[in-house]
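Report on one structure; see the data block that follows.
These numbers were taken from a predicted model, which means no experiment stands behind them.
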Amino acid sequence: MILLALSKEPLHGYGIIKEIENTSEGKYIIAPGTLYGVLKNLEKQGLIKTIAVEKEHRKKKTYCITEQGKDVLHWEYERYIRMINLSKKIIQRGIENGEKE
(Lines give C-alpha, C1' and ligand atoms only; values in the text may rest on other atoms or scores of the structure.)
Protein backbone atom coordinates (compact mmCIF):
# COMPACT_ATOMS: atom_id res chain seq x y z
CA MET A 1 0.00 0.00 0.00
CA ILE A 2 2.87 2.37 0.76
CA LEU A 3 4.56 1.75 -2.59
CA LEU A 4 1.22 2.26 -4.29
CA ALA A 5 0.68 5.55 -2.42
CA LEU A 6 4.12 6.74 -3.55
CA SER A 7 3.63 5.65 -7.16
CA LYS A 8 1.88 8.91 -8.10
CA GLU A 9 4.12 11.43 -6.37
CA PRO A 10 6.54 11.84 -3.45
CA LEU A 11 4.79 12.22 -0.10
CA HIS A 12 5.68 12.87 3.51
CA GLY A 13 4.58 10.43 6.21
CA TYR A 14 1.23 12.04 6.95
CA GLY A 15 0.54 12.29 3.22
CA ILE A 16 1.16 8.55 2.85
CA ILE A 17 -1.22 7.80 5.72
CA LYS A 18 -3.95 10.00 4.19
CA GLU A 19 -3.43 8.63 0.65
CA ILE A 20 -3.84 5.05 1.87
CA GLU A 21 -6.86 5.97 3.97
CA ASN A 22 -8.54 7.91 1.14
CA THR A 23 -7.76 5.37 -1.58
CA SER A 24 -9.03 2.49 0.55
CA GLU A 25 -12.14 4.49 1.54
CA GLY A 26 -11.12 4.22 5.18
CA LYS A 27 -10.65 0.45 5.19
CA TYR A 28 -6.88 0.68 5.75
CA ILE A 29 -5.56 3.02 8.40
CA ILE A 30 -1.87 2.93 9.28
CA ALA A 31 -0.69 4.31 12.60
CA PRO A 32 2.32 6.65 12.40
CA GLY A 33 4.44 4.33 14.56
CA THR A 34 3.77 1.43 12.22
CA LEU A 35 4.31 3.53 9.10
CA TYR A 36 7.74 4.83 10.03
CA GLY A 37 9.02 1.33 10.83
CA VAL A 38 7.85 0.11 7.43
CA LEU A 39 9.32 3.17 5.67
CA LYS A 40 12.68 2.48 7.29
CA ASN A 41 12.53 -1.14 6.11
CA LEU A 42 11.49 -0.18 2.57
CA GLU A 43 14.35 2.29 2.43
CA LYS A 44 16.86 -0.36 3.57
CA GLN A 45 15.60 -2.59 0.75
CA GLY A 46 16.12 0.21 -1.76
CA LEU A 47 12.41 0.40 -2.67
CA ILE A 48 12.00 4.01 -1.55
CA LYS A 49 14.32 6.89 -0.81
CA THR A 50 14.08 9.88 1.48
CA ILE A 51 14.19 13.45 0.23
CA ALA A 52 14.86 16.00 2.95
CA VAL A 53 12.69 19.08 2.47
CA GLU A 54 12.88 22.17 4.63
CA LYS A 55 9.55 23.59 5.68
CA GLU A 56 9.19 26.46 8.10
CA HIS A 57 12.80 26.09 9.28
CA ARG A 58 12.51 22.38 10.08
CA LYS A 59 13.38 19.38 8.03
CA LYS A 60 10.47 17.29 6.91
CA LYS A 61 11.11 13.95 5.23
CA THR A 62 9.43 13.26 1.95
CA TYR A 63 9.61 9.78 0.46
CA CYS A 64 9.61 8.70 -3.16
CA ILE A 65 9.54 5.30 -4.83
CA THR A 66 12.71 4.11 -6.59
CA GLU A 67 12.92 2.28 -9.91
CA GLN A 68 13.44 -0.93 -7.95
CA GLY A 69 10.35 -0.07 -5.91
CA LYS A 70 8.33 0.42 -9.09
CA ASP A 71 9.47 -2.99 -10.31
CA VAL A 72 8.42 -4.62 -7.02
CA LEU A 73 5.08 -2.80 -7.08
CA HIS A 74 4.43 -4.04 -10.62
CA TRP A 75 5.41 -7.60 -9.66
CA GLU A 76 3.13 -7.49 -6.59
CA TYR A 77 0.27 -6.14 -8.72
CA GLU A 78 0.69 -9.01 -11.19
CA ARG A 79 0.84 -11.50 -8.31
CA TYR A 80 -2.45 -10.18 -6.87
CA ILE A 81 -4.11 -10.38 -10.30
CA ARG A 82 -3.00 -14.02 -10.63
CA MET A 83 -4.32 -14.76 -7.13
CA ILE A 84 -7.68 -13.12 -7.92
CA ASN A 85 -8.01 -15.05 -11.19
CA LEU A 86 -7.16 -18.33 -9.46
CA SER A 87 -9.70 -17.56 -6.72
CA LYS A 88 -12.36 -16.89 -9.35
CA LYS A 89 -11.68 -20.27 -10.97
CA ILE A 90 -11.90 -22.08 -7.63
CA ILE A 91 -15.13 -20.31 -6.68
CA GLN A 92 -16.64 -20.93 -10.12
CA ARG A 93 -15.82 -24.65 -9.87
CA GLY A 94 -17.52 -24.71 -6.48
CA ILE A 95 -20.65 -23.06 -7.88
CA GLU A 96 -20.69 -25.49 -10.80
CA ASN A 97 -20.47 -28.39 -8.31
CA GLY A 98 -23.46 -27.06 -6.37
CA GLU A 99 -21.63 -25.36 -3.51
CA LYS A 100 -22.73 -22.00 -2.16
CA GLU A 101 -20.50 -18.93 -2.48
Original post:
How many angstroms lie between CD1 in Ile90 and CG in Asn85, if you round to the nearest 0.5 Å?
Top reply: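 Separation between the atoms: 11.0 Å.
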
**OP:** Would you give the length of the straight line joining atom CD1 of Ile2 to atom CG of Leu11, rounded to the nearest 0.5 angstrom?
**Re:**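 These two atoms lie 11.0 Å from each other.
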
**OP:** List for me each residue that meets side-chain hydrogen bond (donor to acceptor under 3.5 Å, both in side chains) alongside Glu9, sequence neighbours excluded, and say none if there are none.
**Re:**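 Per chain and number, Glu9 pairs via side-chain hydrogen bond (donor to acceptor under 3.5 Å, both in side chains) with no residue.
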
Original post:
Excluding sequence neighbours, so at least two apart, what forms side-chain hydrogen bond (donor to acceptor under 3.5 Å, both in side chains) with Ser7?
Top reply: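 With sequence neighbours excluded, Ser7 shows a side-chain hydrogen bond (donor to acceptor under 3.5 Å, both in side chains) to no residue whatsoever.
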
Do [X] and [Y] share a hydrophobic cluster (ILVMFWY, side-chain heavy atoms under 4.5 Å, transitive)?
X: Leu39; Y: Ile51; result: no
X: Met1; Y: Tyr14; result: no
X: Ile20; Y: Val38; result: yes

Might you point out which heavy atoms bring [X] and [Y] nearest each other, and give the distance in Å?
X: Ile48; Y: Tyr63; value: CD1-CD2, 3.9 Å
X: Leu6; Y: Ile65; value: O-CG2, 3.6 Å
X: Gly46; Y: Gln68; value: O-OE1, 3.6 Å

Original post:
Taking it one step at a time, do Thr50 and Thr62 satisfy side chain to side chain contact (heavy atoms under 4.5 Å, CB included)?
Top reply: CA-CA 6 Å; Thr50 302; Thr62 299; over 6 Å; no

**OP:** Provide the full list of salt bridge (Lys or Arg N to Asp or Glu O under 4.0 Å) pairs with a residue in residues 69-90, sequence neighbours left out, each pair given once.
**Re:**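 Non-adjacent pairs meeting salt bridge (Lys or Arg N to Asp or Glu O under 4.0 Å): Glu67-Lys70, Glu76-Arg79.
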
Original post:
Under the salt bridge (Lys or Arg N to Asp or Glu O under 4.0 Å) test, which residues partner Glu21, sequence neighbours left out?
Top reply: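 By the salt bridge (Lys or Arg N to Asp or Glu O under 4.0 Å) rule, Glu21 matches Lys18.
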
Subject >> Results of salt bridge (Lys or Arg N to Asp or Glu O under 4.0 Å) for Glu43 - residues two or more places apart only >> reply: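 None.
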
Original post:
Which residue pairs pass the side-chain hydrogen bond (donor to acceptor under 3.5 Å, both in side chains) test with at least one member in residues 24-39, sequence neighbours excluded?
Top reply: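 Those involving residues 24-39 do not exist here.
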
